[in-house]
Amino acid sequence: MKKKVTKAIFPVAGLGTRFLPATKSVPKEIMTLVDRPLIQYAIDEARAAGIKEFIFVTSRGKSALEDYFDHAPELEASLRKKGKTELLEALKATNMESGAIAYVRQNRALGLGHAVWCARRLLSNEPFAVILPDDVIAAEKPCLQQMVEAHAETGGNMVAAMEVPADKTSAYGVLDIKEDMGTVVSVKGMVEKPAAGQAPSNLAVIGRYILTPDIMSNLNKIKSGANGEVQLTDAIAQEIAASDNVYGYRFKGERYDCGSKAGFLQATVAFGLARDDLRAEFSAYLADMMSARNAAQ
Ligand code: UTP
């Protein structure tokens, strides 16, 4: 029987330079989409997929992230006294069972592959998920849950994938497709940030992975790849040659790149409009703003 995926790694040790100066003192993952920090969306998605253990790879200056998951007794008592049950409910989602969450440090930002490798001692011989909280995915069924269900059939290594325009492939890891089975594709190669015109397809990898323990062994050996960083893509690509068990998964949903300013703004609009309590006021404002702009042009 295939082993269940119950552990997830959240690499949150990046410098977040695209959001400077905000990220000088606020971790990117604590930045707020409507009224929840990015990390909350990632945790909720992991929980829906059956994840029980949450491993954060952090770095200097990320203590706000650790505090976020603690109880806040004074705040909770004050809300209780005022009868603010809805807010108390919202706070509940931020609490973690004792021992369910672990933090390891990446002491230098040497890349995503290196960040994942930092968690190696917290895993045993089992598949594990990796979630990048700055990729926020709006989906009816949460993306990782879709992947866990597909992975129960395929096993092996699975990466979330989406079609991107040809002129955007150089910003992603790109899949070289062996067999396209529709939602799932088997993969014969992966290239991190291919040069213009060199991408093997327009199927790009985004920040959700289900990986085998072999990936950790590969990361043990990798020095550095594109941009001088240890690339997770390289460790996964090695499994294609070694075990031929790498799959791309075309998830259903809309992905927002909240690691970039434009992506964050788009997510803010989309998530704002999706909220029953905000939609009427917010969409009226957007419509007014657009007509005022059009009139001015
Ligand atoms: P990014 O490529 O978005 O890098 O990392 P970044 O440092 O967060 O942001 P910019 O580019 O400087 O603005 C993708 C994910 O990998 C993590 C990040 O925290 C983010 O979740 N990461 C990246 C690490 O944990 N460690 C690293 O050394 C690099």
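We count ligands from 1, going down the list as the structure has it; atoms in each ligand are counted the same way. All residue numbers in this chain count up from 1 along the given sequence.
Phe264 has its ring centre less than 6.0 Å from the ring centre of Phe19.
Judged by distance alone, the side chains of Thr212 and Asn157 do bring a donor and an acceptor atom under 3.5 Å apart. Using modelled atom types and a 3.5 Å distance limit, the side chains of Gln238 and Asp234 yield no donor-acceptor pair. No side-chain donor from either of Thr233 and Gln231 sits under 3.5 Å from a side-chain acceptor of the other.
Summary of contacts: the protein heavy atom closest to atom 16 (O) of ligand 1 is Leu112 CD1, 3.6 Å. Considering only non-hydrogen protein atoms, atom 2 (O) of ligand 1 sits nearest to Arg18 NH2, 4.2 Å. Looking at atom 8 (O) of ligand 1, its nearest protein heavy atom turns out to be Lys28 NZ, 2.7 Å. Counting only heavy atoms of the protein, atom 7 (O) of ligand 1 lies nearest to Leu15 N, 2.7 Å. Residue, atom and distance of the protein heavy atom nearest to atom 12 (O) of ligand 1 are Thr17 OG1, 2.6 Å. In this structure, atom 28 (O) of ligand 1 lies nearest to the protein heavy atom Gly111 N, 2.7 Å. Ranking the protein heavy atoms by distance from atom 26 (N) of ligand 1 puts Gln106 OE1, 2.7 Å first.
Distance remark: protein heavy atom not present below 4.0 angstrom from atom 5 (O) of ligand 1.
Interface of Ala109 with ligand 1, defined as ligand atoms under 4.0 Å from a residue heavy atom, comprises 28 (O). Applying the 4.0 Å criterion to heavy atoms of Asp134 picks out, from ligand 1, the atoms 3 (O), 20 (C), 21 (O).
At under 3.5 Å, a nitrogen or oxygen of Pro11, whether backbone or side chain, sits near a nitrogen or oxygen of ligand 1. Taking distance alone, with nitrogen or oxygen atoms compared against 3.5 Å, Gly14 approaches ligand 1 more closely than that limit. At under 3.5 Å, not a single nitrogen or oxygen of Arg108, backbone or side chain, sits near a nitrogen or oxygen of ligand 1. Residue contacts with ligand 1: Ala13 is placed with a nitrogen or oxygen under 3.5 Å of a nitrogen or oxygen of the ligand (distance criterion only).
Under the 30°/60° scheme for interplanar angles, the aromatic rings of Phe271 and Tyr256 are found to stand perpendicular. The aromatic rings of Phe282 and Tyr285 lie parallel to each other, their planes meeting at an angle below 30°, with 60° marking the opposite boundary.
Under 4.0 angstrom from ligand 1, the non-hydrogen atoms of Ala115 all belong to its side chain. With a heavy-atom cut-off of 4.0 Å, Leu110 touches ligand 1 through its backbone alone. Only the side chain of Glu29 comes within 4.0 Å of ligand 1, counting heavy atoms alone; its backbone N, CA, C and O stay farther away.
Looking at Lys62 and Glu29, a side-chain N of the basic residue comes within less than 4.0 Å of a carboxylate O on the acidic one, giving a salt bridge.
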Stepwise, does the side chain to side chain contact (heavy atoms under 4.5 Å, CB included) test hold for Val5 with Met158? CA-CA 12 Å; Val5 186; Met158 182 172 274; over 6 Å; no
Criterion side chain to side chain contact (heavy atoms under 4.5 Å, CB included) on Met162 and Tyr172, from CA distance to verdict: CA-CA 10 Å; Met162 67 176 205; Tyr172 295 89; 3.9 Å; yes
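Not one N or O on the side chain of Arg80 forms a donor-acceptor pair closer than 3.5 Å with the backbone of Leu88. A donor-acceptor distance shorter than 3.5 angstrom exists from the side chain of His151 to the backbone of Gly156, with no hydrogens or angles considered.
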